[in-house]
Amino acid sequence: MRSHQDQNSIIVMQKGDKFDLRFKITEETYRGFISVFNDKNPLHTSSAFAIEKGFQSKVMHGNILNGFISYFIGECLPIKNVVIQTQEIKFFKPTYLNDDLLFQAEVMDVFDSVKMVEIKFVFKKDNEVKVATGKINIGII
Amino acid sequence: MSIEEIIKEVNSIFIDVLDNDEIVVQHETISDEIEEWDSLNHIQLVVAIEKHFKIRFTAAEIVNFNNVGEMCVAIKIKIAS
């Protein structure tokens, strides 16, 4: 039962550490997502279709939010020697083009034995409407 | 809590984390005997076990466990203390 973790790495994050970021779902992000992943479902590309289904306009792909999470993990944490081990996300509200999102994350626990950090996050629209929540387990490599 | 009871609860954690209902861990079980027990899942197992029993291991303790039984003995000691 051997751990494969680097015994010399140091976890610099602590329980209770908080991070606030702001993201905007721009036309570039939206077009880029479609260009890369080719998801052209009418819910995401046709306002008429989306409105017919009860939405305000064409709905942005939920996994655009996962791209923002990737940016947070890769670029905004105090250390770079990190890898996402598990990630969960629940979507509560749709997002639309040009939505401004507040992303709030908090370190919920640190597991020194296996050098893993558990982070919970929430995306909010208009600073209060909960769009998505989730949990990420990050390994320190 | 007896070692047998701890192994039973640890078995449930293995089944849940490794998503395999057929797993049966015993005292002598090692990682090579369970296909899904790789380095990534190892971390998830340790985290789930620490959370479940409300204990914490050190990195040195984890490295020195030679099988599931040794870990369960350590769990028993930590629960008791």
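Protein chains get the first letters and strands the later ones, always in sequence-line order, with residue 1 at the start of each. The shown structure was predicted, so the numbers you read here are calculated from the model rather than taken from an experiment. Below, each value reflects all heavy atoms present in this structure, side chains not excepted, and no hydrogens, waters or symmetry copies.
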Exercise for the section: Verify the neighbour count for atom CZ of A:Phe92: are there more than 12 heavy atoms of other residues, nucleotides or ligands below 6.0 Å? Expected result: yes
Hydrophobic cluster identity match, [X] and [Y], side-chain contacts under 4.5 Å:
X: B:Ile62; Y: B:Ile79; result: yes
X: A:Met60; Y: A:Phe33; result: yes
X: A:Val59; Y: A:Phe91; result: no
X: A:Ile51; Y: A:Tyr96; result: no
X: A:Phe123; Y: A:Val129; result: no

Using a 3.5 Å cut-off and no angle test, enumerate the donor-acceptor pairs between side-chain atoms of residues 12-28 of chain B and protein atoms at least two apart in sequence or in another chain.
from    : atom 1 : to      : atom 2 : distance (Å)
B:Ser12 : OG     : B:Lys8  : O      : 3.4
B:Asn20 : OD1    : B:Glu22 : N      : 2.8
B:Asn20 : ND2    : B:Glu36 : OE2    : 2.9

Exercise for the section: Heavy-atom distances under 4.5 Å only: say whether B:Gln44 touches chain A with side chain, backbone, both or neither. Expected result: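 Interface part for B:Gln44: side chain.
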Exercise for the section: Could you check A:Glu118 against B:Lys51 for side chain to side chain contact (heavy atoms under 4.5 Å, CB included), going step by step and ending with a plain yes or no? Expected result: CA-CA 12 Å; A:Glu118 182 179 279; B:Lys51 279 185 173 181; 2.4 Å; yes
Handout entry: For A:Ser113 against B:Val46, the heavy-atom pair lying closest together
Key =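 The answer is OG-CG1, 3.6 Å.
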Problem - Inter-chain contacts: residues 104-112 of chain A against chain B, heavy atoms under 4.5 Å - result: A:Asp109, A:Val110, A:Phe111, A:Asp112
